Amino acid sequence: MPPENTTPAPTAQTPAKKRDRTHWLYIMVIVAVVSGAAIGLIAPEVGIALKPLGTAFIALIKMIIAPIIFCTIVLGVGSVAKAATVGKVGGLAMIYFLCMATLALIIGLVVGNLIHPGTGLQLKPYEDAAGGEENATVVFLLGLIPGDIPVLPTLVLALLVGFALQSMGKAGEPVITGIRHIQAVVFKLMMMIMWAAPVGAFGAIAAVVGATGWAAIGSMAVLMGAFYLTCALFIVIVLGGLLKIVTGLNIFLLMKYLAREYLLIFSTSSSESALPRLLAKMEHAGVSKPVVGITVPTGYSFNLDGTAIYLTMAALFVSSAMGMPMDLGQQISLLVFMIIASKGAAGVTGAGLATLAAGLQAHRPELLDGMGVIVGIDKFMSEARALTNFTGNAVATLLIGRWTKELDLNQARAALDGSSPFDELSLDPENHGGTVESPEAEAPASGSPQSEAPASGSPATLSRT
């Protein structure tokens, strides 16, 4: 009898999956915020002296605003034009996204005017806080950061270029491809800047708390609490009401149906990680494949409800904290600007922060110095932004499916109540949690012209932004 072969059979080695490193960034920001607040409370003078760290970080954000706005708006104009050509579904989706973005921005303004977050902080720019005796070394180092480019002219130029490229047809495609590559470089630079966020948050929070004490901590807590509550009410009342009226479906059953995706988004602070699963689940819920294929990817670029609420609430917070509240006319002009510029809040970590800075720079440049405090708490609001953006896209897909008669309501009810469970094995495990380096904000995927940016080398995400 031949001896038993004890040699183990060869097995295929599964390559180790590269782990997303941005969770370390999140942890570092939390540590920086806590440390900065502690220093501001224990040693206020030291905290105030650290203000240039936050000022330098905001200067880096300002530096990248114009390139982000230019690239995303040029590609976004192409997305709108292309989406409109796919017929009824694309046109209906774009109209719905525009209406919902406007509504979300208005809600953010209303809530911000009701709670007046940041009132009484009286934040000051570094030059004023230094009492006119600026440190020469600090001034020299801050001067090394390139100046910002005016935002409004950049926005107008981007719109004109986008329309011009669309009118060129195929002849303009090489230029669009080139802009996508430039966008990839800009997004990479943005990600590099965001790795400095812990340093910027540390200095900014230390300075704010050092100058105002517990009042700053209380104001930030109020803003975060109000933002989370606003997002929750927006999902339940606005999105849930629309879903019930149009389809008869229950928003809570839909949220239960998407529970795994919510956990995935909460752990990554990005709705992009759940994009493949949303595509599959919407098809399983009875929406036709063409509607899902058009609505979901386009929504990841244009349907950013949570980000829209954040932009207007954060802008009012900064203006109140600086002691320079916006009047109604300025708020309306900010609203109009954000309707357009918020389309650039997808694609990379920090793009939402850059879009907020762009809005402030375009209307009240003096408010940019107050953004340091937002840097410290931005990460804490990213989960709510991502979850709201994701839910908004799920609801939009069902609504548009219903309006275009491409939704099987019986299958939708069966999927949501659990009588027709989703088959997890139908998804490739490798697609369950793709590498994510962002968003507030939530990034496009195949099917949306803007979504092709990640393919050019930029790991996209929406939503944190």
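Because the structure is predicted, anything quoted here is derived from the model rather than measured. Starting from 1, each residue takes its place in the sequence as its number.
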Item to check | Spacing of Leu316 atom CG and Leu334 atom CG [to the nearest 0.5 Å] | outcome: 7.5 Å
Checklist outcome for this item: Of all heavy-atom pairs linking Ile193 and Phe57, the shortest is O-CE1, 3.3 Å
Next on the checklist: So which atom in Ala394 and which in Met282 form the shortest heavy-atom distance, rounded to 0.1 Å?
Outcome noted: O-SD, 3.7 Å
Item to check | Pairwise salt bridge (charged side-chain N to carboxylate O under 4.0 Å, His left out) hits with a residue in residues 405-415, at least two apart | outcome: none
Checklist outcome for this item: By side chain to side chain donor-acceptor pair (under 3.5 Å), Tyr96 pairs with (sequence neighbours left out) none
Please list, one pair per line, the donor and acceptor atoms closer than 3.5 Å that link side chains of residues 98-108 to other protein atoms, with sequence neighbours excluded.
unit_1: Thr102; atom_1: OG1; unit_2: Leu98; atom_2: O; d: 2.9

Checklist outcome for this item: The single option from Asn393, Asn389, Thr295, Val395 that satisfies side-chain contact (heavy atoms from CB on, under 4.5 Å) with Asn303 is Asn393
Next on the checklist: List the residues meeting side-chain contact (heavy atoms from CB on, under 4.5 Å) with Ala201, not counting sequence neighbours, and say none if there are none.
Outcome noted: Val33, Val375
Checklist entry - If you measure from NE2 on His116 to OG on Ser319, what distance do you get to the nearest 0.5 Å? => result 10.0 Å
Checklist entry - Could you go step by step and tell me if Phe234 and Thr391 meet the side-chain contact (heavy atoms from CB on, under 4.5 Å) rule? => result CA-CA 10 Å; Phe234 182 84; Thr391 306; over 6 Å; no
Checklist outcome for this item: Residues at least two apart in sequence or cross-chain that pass side chain to side chain donor-acceptor pair (under 3.5 Å) with Asp417, listed by chain then number, are Ser419
Checklist entry - Are Ile309 and Val111 side-chain neighbours, meaning at least one heavy-atom pair lies under 4.5 Å? => result no
Checklist outcome for this item: Sequence neighbours excluded, the answer for side-chain contact (heavy atoms from CB on, under 4.5 Å) partners of Val199 is Leu53
Checklist outcome for this item: Hits for side-chain contact (heavy atoms from CB on, under 4.5 Å) against Leu229, two or more places apart or cross-chain, chain-then-number order -> Leu233
Checklist entry - Is Met324 close to Leu367 at the side-chain level, that is, under 4.5 Å between some pair of heavy atoms? => result yes
Item to check | From Leu258 atom CG to Leu253 atom CG, the distance as rounded to the nearest 0.5 Å | outcome: 11.0 Å
Checklist entry - Heavy-atom distance under 4.5 Å between the side chains of Tyr310 and Thr388, does that happen here? => result no
Item to check | Note, Ile374 side chain near Leu223 side chain (heavy atom, < 4.5 Å) | outcome: yes
Checklist entry - Of all heavy-atom pairs between Val209 and Ala37, which one has the smallest distance, and what is that distance? => result CG1-O, 3.6 Å
Next on the checklist: Show every salt bridge (charged side-chain N to carboxylate O under 4.0 Å, His left out) that has at least one partner inside residues 228-241, sequence neighbours left out.
Outcome noted: none
Checklist entry - According to the side-chain hydrogen bond (donor to acceptor under 3.5 Å, both in side chains) rule, which pairs have a member within residues 241-259, sequence neighbours left out? => result Tyr257-His284
Item to check | Side chain to side chain, Val161 and Phe70, heavy atoms closer than 4.5 Å | outcome: yes
Checklist entry - Going from CE on Met220 to CD1 on Ile205, what distance comes out if it is rounded to the nearest 0.5 angstrom? => result 4.0 Å
Checklist entry - Between Leu243 and Leu398, does a side-chain contact (heavy atoms from CB on, under 4.5 Å) hold up when you go through it step by step? => result CA-CA 8 Å; Leu243 185 66; Leu398 291 168; 3.9 Å; yes
Checklist outcome for this item: Nearest heavy-atom contact between Leu249 and Ala412 is CD1-CB, 4.0 Å
Checklist outcome for this item: Nearest heavy-atom contact between Thr230 and Ala226 is OG1-O, 2.6 Å
Ignoring hydrogens and angles, write down the donor-acceptor pairs under 3.5 Å from the side chains of residues 326-333, residues two or more places apart or on other chains.
unit_1: Asp327; atom_1: OD1; unit_2: Gly329; atom_2: N; d: 3.2
unit_1: Asp327; atom_1: OD1; unit_2: Gln330; atom_2: N; d: 2.8
unit_1: Gln330; atom_1: OE1; unit_2: Asp327; atom_2: N; d: 3.1
unit_1: Gln330; atom_1: OE1; unit_2: Arg364; atom_2: NH1; d: 3.0
unit_1: Gln331; atom_1: OE1; unit_2: Asn113; atom_2: ND2; d: 2.8
unit_1: Gln331; atom_1: NE2; unit_2: Asn113; atom_2: OD1; d: 3.2
unit_1: Gln331; atom_1: NE2; unit_2: Met326; atom_2: O; d: 3.2
unit_1: Ser333; atom_1: OG; unit_2: Gly329; atom_2: O; d: 3.3
unit_1: Ser333; atom_1: OG; unit_2: Gln330; atom_2: O; d: 2.8
unit_1: Ser333; atom_1: OG; unit_2: His363; atom_2: ND1; d: 3.2

Next on the checklist: Applying side chain to side chain donor-acceptor pair (under 3.5 Å), can you list everything that pairs with Lys289, at least two apart in sequence or on another chain?
Outcome noted: Glu283
Checklist entry - Are the side chains of Leu409 and Arg402 in touch, meaning some heavy atoms are under 4.5 Å apart? => result yes
Checklist entry - For Thr397, what residues pass the side chain to side chain donor-acceptor pair (under 3.5 Å) criterion, not counting sequence neighbours? => result none
Item to check | Distance (rounded to the nearest 0.5 Å) between Cys71 SG and Ile176 CD1 | outcome: 12.5 Å
Item to check | Least distance between heavy atoms, Asp305 atom then Gly392 atom | outcome: OD2-CA, 3.7 Å
Next on the checklist: Walk me through whether Ile115 and Met313 qualify under side-chain contact (heavy atoms from CB on, under 4.5 Å).
Outcome noted: CA-CA 10 Å; Ile115 66 174; Met313 287 187 67; 4.2 Å; yes
Next on the checklist: Would you compute the distance between atom OG1 of Thr404 and atom CG of Leu92 and round it to the nearest 0.5 angstrom?
Outcome noted: 7.0 Å
Next on the checklist: Is there a side-chain contact between Val236 and Phe252 in this structure, where contact means two heavy atoms from C-beta onward sitting under 4.5 Å apart?
Outcome noted: yes
